[in-house]
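Taking it in order: structure first as structure tokens, then the write-up.
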Amino acid sequence: MQYLSTRGHADRKHFCEILLEGLAPDGGLYLPERYPQVDAATLAKWRGLPYPELAFEILSLYIDDIPAADLKAICRKTYTEEVFGTQAIVPLKKLEDGLYLEALSNGPTLAFKDMAMQLLGNLFEYELARRGEELNILGATSGDTGSAAEYAMRGKKGVRVFMTSPHGRMSPFQQAQMFSLQDANIHNLAIEGVFDDCQDIVKAVSNDLEFKRRYKIGTVNSINWARLVAQVVYYFAGYFQATKSNAQKVSFTVPSGNFGNICAGHVARMMGLPIERLVAATNENDVLDEFFRTGVYRVRSSADTHETSSPSMDISKASNFERFVFDLLGRDGAKVKQLFGAELSAKGQFDLSAEPAFKQAAQRYGFVSGKSTHADRLATIRDTYERFKLVIDTHTADGLKVARQYPQPGVPMIVLETALPIKFAATIVEALGREPDRPAKFQGIEALPKRVTLLRSDAQAVKEFIAGHCA
Ligand SMILES: *Cc1c(COP(=O)(O)O)cnc(C)c1O
């Protein structure tokens with residue numbers, strides 16, 4: 001299996017070559033040359049496999065440069081009951097007939113990003129050891145991504161993490177999750193500024209090619225193909241749990257921001273998993289909902305990007321969306337390059353409403369969408385608690401709200417639960433007048449000693465810190 005760029009670059013690469021990379025050389029995103037097809041016999045064979053074995057089967061179709069025994073060992077080491085809380089790893093919770101939540105957030109940081117990031121940590125350690133190399137991961141976070149990356153990379157050989165975050169702007173729980181890590185290879189850098197300042201610093205450091213090469217700077221953001229392919233597995237696992245036979249179809253609703261999670265659903269569907277609809281649920285930052293309704297993809301300015309109570313979906317553009325558009329336009333790299341390169345930089349938007357391909361988004365690819373607001377979130381959290389005695393988080397509430405707009409008789413709807421409510425306690429209190437339950441391992445974490453360095457908002461200060469901690 002080889003990988004190509006969505007912007008038409010001629011290079012083809014294998015999995016481990018793109019594992020440690022970000023964008024393709026032409027600024028595109030990597031995708032497999034083709035989607036491996038899973039037939040009925042294979043689906044039947046996979047039904048009933050334990051999660052790590054299922055992960056191995058699916059990943060093997062995309063990874064041909066890690067020996068099978070090693071890949072299997074990596075999958076078994078990653079997806080354990082100890083790390084994810086249950087043997088099922090992603091158990092389904094039935095709400096009512098035909099409506100389920102798939103629990104993706106019982107990993108170390110209580111958000112679905114652990115599902116992919118935990119695998120990435122083990123893949124990085126394996127590949128770096130094989131090459132005899134080191135990697136320094138530099139990132140910016142306002143919460144979920146940074147903590148998932150730190151918990152995935154802590155204690156891993158060959159990897160250091162330098163994670164910037166806006167000083168004093170994360171929730172106390174999120175700060176405690178990250179700053180309480182005492183591992184020597186994890187560095188928390190609180191920046192005197194806002195999240196955009198942190199992102200600007202990461203860009204500035206990465207654009208210093210000499211520094212980047214010298215200090216082996218890398219990233220783990222959501223455009224990484226390995227993260228995406230790891231997420232494909234739980235679409236299969238959810239399907240098997242919600243159905244009895246492979247003749248049945250299911251739909252998924254996905255609380256969406258950067259389009260990484262739902263893009264994995266698209267990949268699963270392209271492989272032949274019987275998915276009827278993929279429902280993209282957004283919050284007030286409705287870049288994706290606007291596209292699926294109108295055909296216009298419009299990047300928002302920072303003034304036009306709202307701070308919401310489902311903050312992990314507060315995006316101004318959807319970084320993985322280019323992958324879907326590439327498929328939608330018949331894999332026309334030149335066209336994608338023109339849209340995401342020239343047209344977006346000149347106009348900040350493009351319009352596919354007149355293209356026949358746009359109609360196919362729903363008809364051929366199953367995509368529909370909806371939007372949820374703060375009031376919807378509160379109402380859905382309350383309603384779910386009253387009816388099912390279940391407290392859901394704010395992102396999952398956005399998903400559930402939108403899922404209810406798309407009922408189809410005979411087609412189970414699976415809403416992906418992307419975080420646990422304890423991470424967003426203030427909104428739960430607003431909705432229910434009570435604190436969400438806290439898993440035992442997080443009792444009292446706010447009181448633990450914190451390991452964090454405060455730096456001014458300045459790329460040079462961050463560079464000096466990295467240089468001083470790379471011995
Ligand atoms: C990251 C995140 C999302 C959005 O996922 P994308 O892959 O960016 O679409 C939704 N919910 C939670 C809790 C997240 O952490």
Side-chain angles (χ1 to χ4, degrees), residues 90-105 111-113 115 228 231-243 248-270 273-293 308-310 312-313 315 318 320-321 324 361-363 365-373 376-377 379-381 383-384 387-388 390 392-421:
V90 289
L92 278 198
K93 297 185 224 179
K94 181 172 170 176
L95 294 183
E96 59 197 33
D97 278 344
L99 184 62
Y100 301 87
L101 292 184
E102 184 173 358
L104 304 182
S105 35
F112 89 97
K113 292 193 172 65
M115 293 302 308
L228 208 130
Q231 295 172 174
V232 171
V233 180
Y234 54 69
Y235 284 87
F236 281 83
Y239 172 78
F240 290 134
Q241 292 179 78
T243 58
Q248 283 173 276
K249 287 194 161 193
V250 304
S251 292
F252 286 93
T253 300
V254 187
S256 293
N258 274 316
F259 205 76
N261 198 353
I262 200 166
C263 192
H266 166 67
V267 171
R269 196 175 182 278
M270 296 299 280
L273 186 67
I275 297 176
E276 175 76 18
R277 278 176 173 160
L278 287 165
V279 185
T282 74
N283 64 17
E284 290 87 337
N285 298 290
D286 58 353
V287 181
L288 291 168
D289 181 44
E290 182 175 83
F291 174 79
F292 287 112
R293 277 186 298 105
T308 75
S309 47
S310 44
S312 301
M313 290 154 55
I315 48 107
N320 277 287
F321 187 56
F324 172 65
Q363 282 166 9
Y365 295 98
F367 274 96
V368 290
S369 70
K371 165 183 175 173
S372 161
T373 64
D376 294 324
R377 224 162 279 143
T380 306
I381 291 169
D383 175 67
T384 306
R387 282 207 262 172
F388 312 114
L390 182 71
I392 56 171
D393 107 284
T394 51
H395 307 75
T396 308
D398 289 332
L400 187 53
K401 190 266 169 185
V402 173
R404 288 190 185 281
Q405 292 170 224
Y406 293 100
Q408 269 180 310
V411 182
M413 173 63 83
I414 302 174
V415 178
L416 299 186
E417 177 187 65
T418 55
L420 290 195

Original post:
Among N258, V232, L228, whose side-chain contact (heavy atoms from CB on, under 4.5 Å) with C263 holds?
Top reply: L228
Subject >> Option among R277, E102, M413 that satisfies the side-chain contact (heavy atoms from CB on, under 4.5 Å) test with F252 >> reply: E102
Subject >> Ring geometry between F324 and F292 (parallel below 30°, tilted from 30 to 60°, perpendicular above 60°) >> reply: tilted
Quick one: [atom1] on [X] to [atom2] on [Y], what's the gap to the nearest 0.5 Å?
X    : Y    : atom1 : atom2 : value
T396 : L390 : OG1   : CG    : 9.5 Å
D393 : E417 : CG    : CD    : 7.0 Å
Q231 : L104 : CD    : CG    : 9.0 Å
K401 : T380 : NZ    : OG1   : 7.5 Å
R377 : T308 : CZ    : OG1   : 4.5 Å
Q408 : K249 : CD    : NZ    : 9.0 Å

**OP:** Would you check, one step at a time, whether the test side chain to side chain contact (heavy atoms under 4.5 Å, CB included) holds for K93 with I392?
**Re:** CA-CA 12 Å; K93 297 185 224 179; I392 56 171; over 6 Å; no
Please report the shortest heavy-atom distance between [X] and [Y], naming the atom on each side.
X    : Y    : value
Q405 : G370 : NE2-CA, 4.4 Å
S310 : D398 : OG-OD2, 2.7 Å
K371 : V402 : N-CG2, 3.7 Å
G257 : I315 : O-CD1, 3.3 Å
L416 : Y234 : CD1-CE1, 4.1 Å
I414 : A242 : CD1-CB, 3.7 Å

Subject >> F367 ring center within less than 6.0 Å of F259 ring center >> reply: yes
Heavy-atom donor-acceptor pair, [X] side chain to [Y] backbone, under 3.5 Å:
X    : Y    : value
Y365 : L278 : no
H395 : S312 : yes
Q241 : V90  : yes
D289 : T282 : no

Would you say [X] and [Y] make side-chain contact, with heavy atoms under 4.5 Å?
X    : Y    : value
H266 : N320 : no
Y239 : Y235 : no
L95  : L400 : yes

Original post:
Will you find, in the side chains of T373 and D376, an N or O donor that is under 3.5 Å from an N or O acceptor?
Top reply: yes
Subject >> Audit row: T253, Y406, side chain to side chain contact (heavy atoms under 4.5 Å, CB included) steps and yes/no >> reply: CA-CA 9 Å; T253 300; Y406 293 100; over 6 Å; no
